Novice: 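What follows is a single structure, and I will ask about it in a moment.
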Amino acid sequence: MSCEAHTMSAVRVGVDVGGTFTDFAVASDDGLQVFKVSSTPKDPSAAVLEGLRRSGIQADGTVVHGSTVATNAVLERRGARTVLVTTAGFRDVLEIARQNRPALYAIEPRKPAPLIERELRLEVDERVGADGTVRRPLDRQSLDRLIDRVRTLDPEAAAVCLLFSFLRPSHERSVRAALRRAGVRWVSISSEVLPEHREYERTSTTVVDAYVAPVMGRYIRRLERAAPGQLWIVQSGGGVLRSSEAAAAPVQSVLSGPAAGVVGARAVAAASGFDHIVTLDMGGTSTDVAICPGEPLRRTDATVGGLPVAIPMTDIHTVGAGGGSIAARDEAGGLRVGPRSAGAQPGPAAYGRGGVEPTVTDANVVLGRLIADESLADDVALDAAAAAAAVDRLTPGRGRRMESRLRVAAGVVAVADAHMERALRVITLERGYDPRDFTLVAFGGAGPLHGCALAERLEIDRVLVPRFPGVLSALGALSGEHVREYSATLLRPATTASVRALTTAFGRLERTARRDFAGAGRPRLRRLLDLRYVGQSYELTVPLRGRNIAGAVRAFHQRHQERYAHSRPNARVEIVVTRLVASVEQPSVPDVRPPVAGRPTARPTRVVVDGEFRPARVFSRADLPVGFRARGPLLIVQDDATTWAPSGWRASVDRQATLLLERN
């Protein structure tokens, strides 16, 4: 990897903030360089600005940033002081929520507290009916009283969610104008944030948008001042938005980092000829998994910190198992791994930064899968003695020290693998897909170490490891399209009788999209429908080709069969929401070309397998030419990640510099 400064006009920098490292990918006329900087948890922007300084980006460059700022603001409850304005009688929607119980057998179930406490939830007299007609006009005296109360409360942001405003947004717009005149700078209205039915989800999503808006806005302004040129932010669906667009709709970026990794994985797999993939993004703090049966699965029912965020996003499942996840004994003496993490400071004990608690990384060092004389990202030199001492904390006074250490280290890795295996089963089998039909793409700083073991557990025969697996999310940020999504509630039968209403709805959305993309290029437009059987409560999203409603209904029956193992082809289907995805491609990322010839030199090492040290070979990833082939056990080392191929696996390198691991 290289972090040399660049001064050329074509420089584009992809940035992804992780719990342990902040990753950078620099694309220029000179090619592609990648590097990592240790993250700064107290102020994530410090690591970002340090990396941008190293990249040498100039005023005509571009930064594409996968941000965790909005996510952390919600998780840590560090957003802005926010008021909620609702229709009279609906101030408690956030607390009433839904009747479902996530923990069915919990004797004392607990749910997360609302982001906005009751004294900051205000009402205004107005009413729009379920058919969009005005049942009660917005009462001006009520609005004046509301504004007086807002001035007393002195909030930094406001969320406005009035009943059925997605059918008639005029009342929300009037309230927003009054709030801004009263000095509230950040105002989110539900008819723009989420113009869809379901009162609780719409309210929750609008509240999250307002709650994080000042935090996200300040962060973006700080980056804009320090990083000249264009700034783009990755969305939760994998596309990118201009910084001004992201600041205006911060909820769209609440889960941006993991989505960029899926974009990068799809690009790598497609170049190597694979379109059905499962992604394994194992970083220092957590592991994100997703499935792409041609296209990534999408969802609109995600939660962040226990709060619904009903925006379209890539269907990603996350578990608290990463390289820095801390291992400990529970009260019964059993091993537990995560979700607590050593993070960037102090990090795993092996990093030599003062950490003493055992982590998955330390266990891999003890097992010989991470080699102590190899330097990692940001000039981290592994300390084998410190890793061994950390693992020994889990084995006080038990038998022969070396045997106990190896057994416990293997147990730590096995527990972490079990967490990730469950996550992979959620995203494959529980989504209606057989994992054996897919190729696993392993990336993140720790993913290639665990990819083969997880593939064996799910009977997957192929694992792809990108050329720069440890920074693939940063590369994915550079690969993301400029995307904006639009939606409108329709609630019509899925029959030809609805063609005119459908055409009108999409026409309105497409005019808005073309206006938003003016000057950015002609957008590619994709139509989607949220469909459900009449009487159901929730929907599935399927594509709409032209006006072919019958084709969309057939796709819905098939998707319902895949997802729930049954369908009702003779039942009536209804359209709930129309969706439009508008996108413009961004400049391509330079290709990485491996050496075309040569015989890479292997050096011997020993790796623990089944409790014993056994011989293995070590190769440098940079030396592997096109057509390279070798059989495990072997380690392939590089600055940003290490790949472990055990016995029974063979490795090869294709023309895209991608490493293909296959089971014998």
Side-chain angles (χ1 to χ4, degrees), residues 64 66-67 70 166 169 188-198 201-202 204-206 208-209 212-213 216 232-260 262-263 266 290 292 295-302 304 308-316 476-477 479-490 502 505-518 520-531 539-545 552 575-586:
V64 189
S67 171
F166 56 91
S188 301
I189 63 174
S190 70
S191 53
E192 293 181 0
V193 174
L194 189 69
E196 300 175 19
H197 72 313
R198 294 201 176 94
E201 287 77 5
R202 183 160 54 93
S204 176
T205 304
T206 306
V208 170
D209 188 81
V212 303
M216 191 73 171
W232 296 73
I233 304 296
V234 180
Q235 297 183 80
S236 302
V240 297
L241 290 173
R242 296 186 185 94
S243 57
S244 58
E245 296 172 314
V251 74
Q252 297 292 336
S253 304
V254 78
L255 290 173
S256 71
V262 177
V263 173
R266 284 189 65 216
C292 303
E295 293 279 339
L297 293 188
R298 294 159 47 94
R299 63 185 305 174
T300 57
D301 59 348
V304 179
V309 179
I311 60 171
M313 62 181 64
T314 304
D315 189 359
I316 295 172
S479 304
E481 296 179 318
H482 181 190
V483 175
R484 295 190 68 161
E485 301 197 19
Y486 309 85
S487 64
T489 297
L490 197 62
L502 205 59
F506 276 118
R508 188 180 302 114
L509 297 179
E510 289 170 3
R511 285 192 297 273
T512 302
R514 291 192 177 95
R515 184 178 66 245
D516 290 344
F517 277 86
R522 184 177 179 84
R524 180 168 68 103
L525 303 176
R526 288 176 289 162
R527 295 179 171 186
L528 304 170
L529 295 177
D530 285 5
L531 302 182
E539 306 82 44
L540 292 173
T541 303
V542 296
L544 174 68
R545 317 291 184 190
I575 303 167
V576 180
V577 175
T578 58
R579 299 188 185 278
L580 181 74
V581 181
S583 61
V584 173
E585 290 187 358
Q586 299 299 291

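We use all heavy atoms of the structure for the numbers below, so side chains are in, but hydrogens, waters and symmetry mates are not. Source: prediction; values computed, not measured.
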Novice: Is there side-chain contact between Ile316 and Val262, with at least one heavy-atom pair below 4.5 Å?
Specialist: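 They are in side-chain contact.
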
Novice: Work out which heavy atom in Val212 is nearest to a heavy atom in Pro250; give both atom names and the distance.
Specialist: CG2-CB, 3.7 Å

Novice: Passes side chain to side chain contact (heavy atoms under 4.5 Å, CB included), Leu528 versus Arg298? Steps please.
Specialist: CA-CA 11 Å; Leu528 304 170; Arg298 294 159 47 94; 3.9 Å; yes

Novice: For Arg527, is there an ion pair with Glu510 - N to carboxylate O distance below 4.0 angstrom?
Specialist: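 Result for this pair is yes, salt bridge flagged.
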
Novice: What pair of heavy atoms forms the shortest contact from Tyr486 to Ala582, and how long is it?
Specialist: CE1-CB, 4.2 Å

Novice: Closest approach of Thr314 and Ala259, non-hydrogen atoms and distance?
Specialist: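 Minimum heavy-atom contact is OG1-CB, 4.2 Å.
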
Novice: Where do Leu580 and Ala513 come nearest, in terms of heavy atoms and distance?
Specialist: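 Nearest heavy atoms, Leu580 then Ala513: CD2-CB, 4.0 Å.
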
Novice: For Val193, which of Ile311, Asp209, Val208 qualifies under side-chain contact (heavy atoms from CB on, under 4.5 Å)?
Specialist: Asp209

Novice: Side chains of His482 and Trp232: does their closest heavy-atom pair fall under 4.5 Å?
Specialist: yes

Novice: Any side-chain to backbone donor/acceptor pair from Ser487 onto Arg579? Under 3.5 Å, distance only.
Specialist: no

Novice: Which distance, rounded to the nearest 0.5 Å, do you find between the CE of Met313 and the CG of Leu297?
Specialist: 14.0 Å

Novice: What's the separation between atom OG1 in Thr205 and atom CD in Glu201, rounded to the nearest 0.5 Å?
Specialist: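 CD of Glu201 is found 7.5 Å from OG1 of Thr205.
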
Novice: For a side chain to side chain donor-acceptor pair (under 3.5 Å) with Asp530, tell me which candidate from Thr578, Thr541, Thr489 qualifies.
Specialist: Thr541

Novice: For the backbone of Arg242 and the side chain of Glu245, can you confirm whether one donor and one acceptor N or O come within less than 3.5 Å of each other?
Specialist: yes

Novice: Nearest heavy-atom pair of Ala260 and Ala477: which atoms, and what distance?
Specialist: CB-N, 3.9 Å

Novice: Heavy atoms, side chains only, cut-off 4.5 Å: are Ser67 and Met216 in contact?
Specialist: yes

Novice: Is the shortest heavy-atom distance from the side chain of Val263 to the side chain of Val234 under 4.5 Å?
Specialist: no

Novice: Would you indicate whether the side-chain heavy atoms of Pro296 and Arg266 approach each other to under 4.5 Å?
Specialist: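 Yes, at least one pair of side-chain atoms sits under 4.5 Å.
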
Novice: Just wondering, do Gln235 and Glu485 contact through their side chains at under 4.5 Å, heavy atoms?
Specialist: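 A side-chain contact under 4.5 Å is absent here.
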
Novice: Please report the closest heavy-atom contact between Leu531 and Ala552, naming both atoms and the distance.
Specialist: CD1-O, 3.7 Å

Novice: Are the side chains of Leu525 and Phe506 in touch, meaning some heavy atoms are under 4.5 Å apart?
Specialist: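 No, too far: nothing below the 4.5 Å cut-off.
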
Novice: Are any of the side-chain nitrogens in Arg198 or Glu539 under 4.0 Å away from the carboxylate oxygens of its partner?
Specialist: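 Yes, Arg198 and Glu539 are salt-bridged.
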
Novice: Mark yes or no for whether Asp315, through its side chain, and Arg299, through its backbone, hold a donor-acceptor pair below 3.5 Å.
Specialist: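 No: the side chain of Asp315 does not pair with the backbone of Arg299.
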
Novice: Side chains of Leu502 and Leu529: closer than 4.5 Å at any heavy-atom pair?
Specialist: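 Counting from C-beta outward, Leu502 and Leu529 do come under 4.5 Å.
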
Novice: Rounded to the nearest 0.5 Å, what separates atom CD1 in Ile189 from atom CG in Leu194?
Specialist: 12.5 Å

Novice: Drop me the distance from Ser479's OG to Gln586's CD, to the nearest 0.5 angstrom.
Specialist: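 Output value for this atom pair is 10.5 Å.
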
Novice: Would the distance check show the side chain of Arg202 and the main-chain N or O of Glu196 forming a donor-acceptor pair, the cut-off being under 3.5 Å?
Specialist: yes

